[in-house]
Student: 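Can you read through this structure? Questions will come right after.
Naming convention: chains lettered A, B, ... in sequence-line order (proteins, then strands); numbering from 1 in each chain. For the numbers below, each heavy atom of this structure counts, side chains included, while hydrogens, waters and symmetry mates do not.
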Protein chains: 2
Amino acid sequence: MAYRPTERTEARRTQTRERIVRAALALVAQGGYREAQVAAVAARAGVATGTVYRHFPSKADLLTEVFRVASSHEVEAVEQAARFGSAASQHEVDAVAQAGGDFARERIAAAVETFARRALQGRRLAWALLAEPVDPAVEAERLQFRRAYADVFARTIADGIASGELPEQDPAFTATALVGAIGEALVGPLSPTHAGTDVDALVRNLIIFSLRSTTDQELSPHVHRRAA
Amino acid sequence: MAYRPTERTEARRTQTRERIVRAALALVAQGGYREAQVAAVAARAGVATGTVYRHFPSKADLLTEVFRVASSHEVEAVEQAARFGSAASQHEVDAVAQAGGDFARERIAAAVETFARRALQGRRLAWALLAEPVDPAVEAERLQFRRAYADVFARTIADGIASGELPEQDPAFTATALVGAIGEALVGPLSPTHAGTDVDALVRNLIIFSLRSTTDQELSPHVHRRAA
DNA sequence: GTCTATACGTCGATAGAC
DNA sequence: GTCTATCGACGTATAGAC
């Protein structure tokens, strides 16, 4: 009879794979992609170097998975923040909305703040996710990562438009631009060469920028002409 | 007597080098980094493959130089647009400013429009500069490239603050965020997989976004509390 | 998993500048 | 006569097809 892995061996295999991913993630979070050398990853995961290649066809594939895991974790946190803002529940959101409250803006601010504070707390990992030069294969994931963020903001903006709180606009456009803005604004402070960021001031600037850019205002005739 | 290259040979050498860079640039502009194969570059430049390596230690170094040349070209165009907006001269800028005109906003709009239209006209090259996954060595140049753009916007914003046209803000911060926003908003439309962009609509959205994000407005108490 | 095609980078030979 | 820039075929690594 041919060899067939039992559930038990399958489970072990999966566990090993996860240990490898976690080890690589920890190393990236500690010192960026540079420290995620295959030998170092294997050592930290308690496996032989060759074992890594029994689970991933190449180092780039491993790093791609690490990127995916880390980034989806970040996106989820921001999504959670965007869901309710500082409200405790959907119920409270609805209540405030009914009262004509500005909950979409509150939710945007909460999402931005979560994005930024998490990044500045885990600076090295955030740098790896947002800006660190890396193998093109991993780089491609970055484009997805940004899109995922943008989707979160787009939903919130669309809600705000539907409730009349935000002016008519293309939610996907504004959300994409916003994610680009936040990401780029964080790149400098996150850079390993940068030191001494005033986190609160940065968060404040980011929130102000984000709310400005989603909300209408009078444009001078001069400007209107150009934008028309 | 020892051999020493004369001016003539120096000049020839420089010319060859430039031909190689231009050939590589043309190929990147045509089909991205993928088409900039060393053999193809050499063929287009009319030299042998080995000659490329007499001028550049590696393909990555060649591409880095190509990136620098192309990106500085783009930045200069935007800088030019930001200098005067649609005014014909510095004199006119001063005149409008004296009359209380909104020239900083006009200049920002002109810079954004130039940025976007140039990108959408030379889509393949813009994609290569802004987003195409590429060797980390080249990727590192991208960070510089964005900074250069940000500097242009920062100067214009600072002018606007000085003249009282724009509200107090950190010009470097706003400019950085703005560049991130514009870049990210262009990534989608520039992507090779994307088709059929309404260029005028996109430019309009970008200008609106940019002017919103540089200009103050009332924030609700709710939001103020969070941003404070 | 193997096999092939492709593309990077090298190296000895050559022609020509000094 | 010496030295060097250029050539272009080849080795080797890798990626993609089957």
Student: Pairs in or reaching into residues 34-72 of chain A: which pass ring pair (Phe, Tyr, Trp, His ring centres under 6.0 Å), with residues at least two apart or in two chains?
Tutor: A:Phe67-A:Phe145

Student: OP1 or OP2 of D:dT6 versus the side-chain N and O atoms of B:His55: is any pair under 4.0 Å?
Tutor: yes

Student: Report which part of the nucleic acid B:Val47 touches: base, sugar-phosphate, or nothing (heavy-atom distance under 4.0 Å, all strands).
Tutor: sugar-phosphate

Student: With ring pair (Phe, Tyr, Trp, His ring centres under 6.0 Å) as the rule and sequence neighbours excluded, what pairs involving residues 104-132 of chain A come up?
Tutor: A:Phe115-A:Tyr149

Student: Can you list everything that forms a ring pair (Phe, Tyr, Trp, His ring centres under 6.0 Å) with B:Phe153? Sequence neighbours excluded, please.
Tutor: none

Student: In the 5'-to-3' direction, what one-character label does each nucleotide of nucleotides 5-11 of chain C receive under the scheme B = base within less than 4.0 Å of a protein heavy atom, S = sugar-phosphate only, - = no such atom?
Tutor: --SSBB-

Student: Residues two or more places apart in sequence or in another chain: which of them pass ring pair (Phe, Tyr, Trp, His ring centres under 6.0 Å) with B:Phe209?
Tutor: none

Student: With sequence neighbours excluded, tell me which residues meet side chain to side chain donor-acceptor pair (under 3.5 Å) with A:Arg68.
Tutor: A:Glu141

Student: Measure from CG on A:Asp61 to P on D:dA15 and round the result to the nearest Å.
Tutor: 10 Å

Student: If only atom types and distance count, is the side chain of B:Thr176 paired as donor or acceptor with the main-chain N or O of B:Ala172 below 3.5 Å?
Tutor: yes

Student: Please give, in whole Å, the distance from D:dA5 C1' to B:Arg12 CZ?
Tutor: 10 Å

Student: Partners of A:Thr49 by side-chain contact (heavy atoms from CB on, under 4.5 Å), sequence neighbours excluded?
Tutor: A:Val38, A:Ala39, A:Ala42

Student: Can you sort out the partners of A:Arg117 under side-chain contact (heavy atoms from CB on, under 4.5 Å), two or more places apart, ordered by chain and number?
Tutor: A:Glu113, A:Val199, A:Asp200, A:Val203

Student: Mind listing the N/O atom pairs, protein and nucleotides 16-18 of chain D, below 3.5 Å?
Tutor:
none

